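The structure under discussion appears below in the form of structure tokens.
Positions are given from 1 along the sequence. Please read all numbers here as calculations on a predicted model, not as lab measurements.
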Amino acid sequence: MMIRAVLDTNIWLASIEWHGRCYRIRRYSEEHKFIPVSSLSILAELTRVLRRDFGYSDDDAYYWYNHIGSLCDLVSSELFLNAVPNNSAE
């Protein structure tokens with residue numbers, strides 16, 4: 001049975017920007033040594049951060065969206081949290 005692991009945005013981002021452990025994790029997924037699990041929300045966040053914080057063009061950010069998405073077993077999130085962010089009344 002193949003190992004499956006959820007990798008969050010920070011892992012994917014580090015795997016793109018730096019050549020340390022996270023890079024090796026991405027390479028292992030590209031070599032099909034395990035199955036990364038992700039969601040469209042994680043991929044969208046990655047795209048947003050690449051564009052906003054690292055200056056990636058739309059094309060470059062979407063390349064990574066598509067590439068990482070092709071590596072992953074994509075799952076959908078069925079839970080929606082209705083949280084109150086930064087409630088100033090407290």
Side-chain angles (χ1 to χ4, degrees):
M1 180 177 203
M2 182 77 69
I3 293 174
R4 295 167 42 100
V6 176
L7 304 178
D8 71 5
T9 303
N10 292 320
I11 300 296
W12 289 120
L13 180 61
S15 80
I16 294 166
E17 285 294 305
W18 300 282
H19 284 216
R21 289 184 179 133
C22 295
Y23 173 80
R24 288 193 304 271
I25 290 170
R26 178 169 52 87
R27 294 296 300 147
Y28 291 152
S29 72
E30 292 168 340
E31 295 166 2
H32 307 288
K33 293 184 177 180
F34 77 99
I35 301 170
V37 177
S38 193
S39 68
L40 294 177
S41 297
I42 290 173
L43 294 175
E45 181 182 28
L46 173 65
T47 304
R48 188 171 51 253
V49 171
L50 286 171
R51 291 172 59 220
R52 183 190 66 209
D53 298 343
F54 290 88
Y56 278 61
S57 69
D58 289 346
D59 288 342
D60 289 342
Y62 288 119
Y63 164 80
W64 286 108
Y65 177 96
N66 289 320
H67 178 65
I68 290 171
S70 73
L71 299 172
C72 294
D73 185 3
L74 294 176
V75 297
S76 64
S77 118
E78 297 178 13
L79 177 63
F80 176 77
L81 298 177
N82 190 9
V84 178
N86 196 12
N87 186 351
S88 60
E90 293 182 29

State, with a plain yes or no, whether a side-chain heavy atom of [X] is found less than 4.5 Å away from one of [Y].
X	Y	value
His67	Tyr62	no
Val49	Phe54	yes
Leu43	Leu74	yes
Ser70	Tyr65	no
Val37	Leu7	no

Give a yes or no on whether Phe34 atom CZ has more than 12 heavy-atom contacts from other residues, nucleotides or ligands under 6.0 Å away.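 Enclosed: over 12 neighbouring heavy atoms sit under 6.0 Å from CZ of Phe34.
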
What is the distance from atom [atom1] of [X] to atom [atom2] of [Y], rounded to the nearest 0.5 Å?
X	Y	atom1	atom2	answer
Ile11	Ile68	CD1	CD1	11.5 Å
Cys72	Arg4	SG	CZ	10.5 Å
Glu45	Leu13	CD	CG	9.5 Å
Arg27	Ile25	CZ	CD1	13.5 Å

Give me the one residue out of Arg26, Glu31, His32 that meets side-chain contact (heavy atoms from CB on, under 4.5 Å) with Tyr28.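 Of all the options given, the one that passes is Glu31.
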
Work out which heavy atom in Ser15 is nearest to a heavy atom in Cys22; give both atom names and the distance.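 Result for this residue pair: CB-O, 3.2 Å.
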
Measure up the Tyr23 and His19 rings against each other and bin them: parallel (under 30°), tilted (30 to 60°), perpendicular (over 60°).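 Ring orientation, 0 to 90° scale: parallel.
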
My understanding is that only residues two or more places apart in sequence, or in another chain, count here; which of them pass side chain to side chain donor-acceptor pair (under 3.5 Å) with Arg21?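 With sequence neighbours excluded, Arg21 shows a side chain to side chain donor-acceptor pair (under 3.5 Å) to no residue whatsoever.
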
For Asp53, side chain to side chain donor-acceptor pair (under 3.5 Å) partners two or more places apart: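 Testing Asp53 for side chain to side chain donor-acceptor pair (under 3.5 Å), a comparison that skips the adjacent residues, returns none.
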
Would you kindly confirm whether Val6 and Met2 end up in one hydrophobic cluster when ILVMFWY residues are joined by side chain heavy atoms under 4.5 Å apart?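 Result: no, two separate clusters.
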
Hydrophobic clustering (ILVMFWY, side-chain heavy atoms < 4.5 Å, transitive) - are Ile35 and Leu46 grouped together?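 In one cluster with Leu46: Ile35, no.
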
Side chain to side chain contact (heavy atoms under 4.5 Å, CB included) assessment of Trp64 paired with Thr47: CA-CA 7 Å; Trp64 286 108; Thr47 304; over 6 Å; no

Partner residues of Asp60 under the side chain to side chain contact (heavy atoms under 4.5 Å, CB included) criterion, sequence neighbours left out: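 Asp60 satisfies side chain to side chain contact (heavy atoms under 4.5 Å, CB included) with Tyr56, Ser57 once adjacent residues are dropped.
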
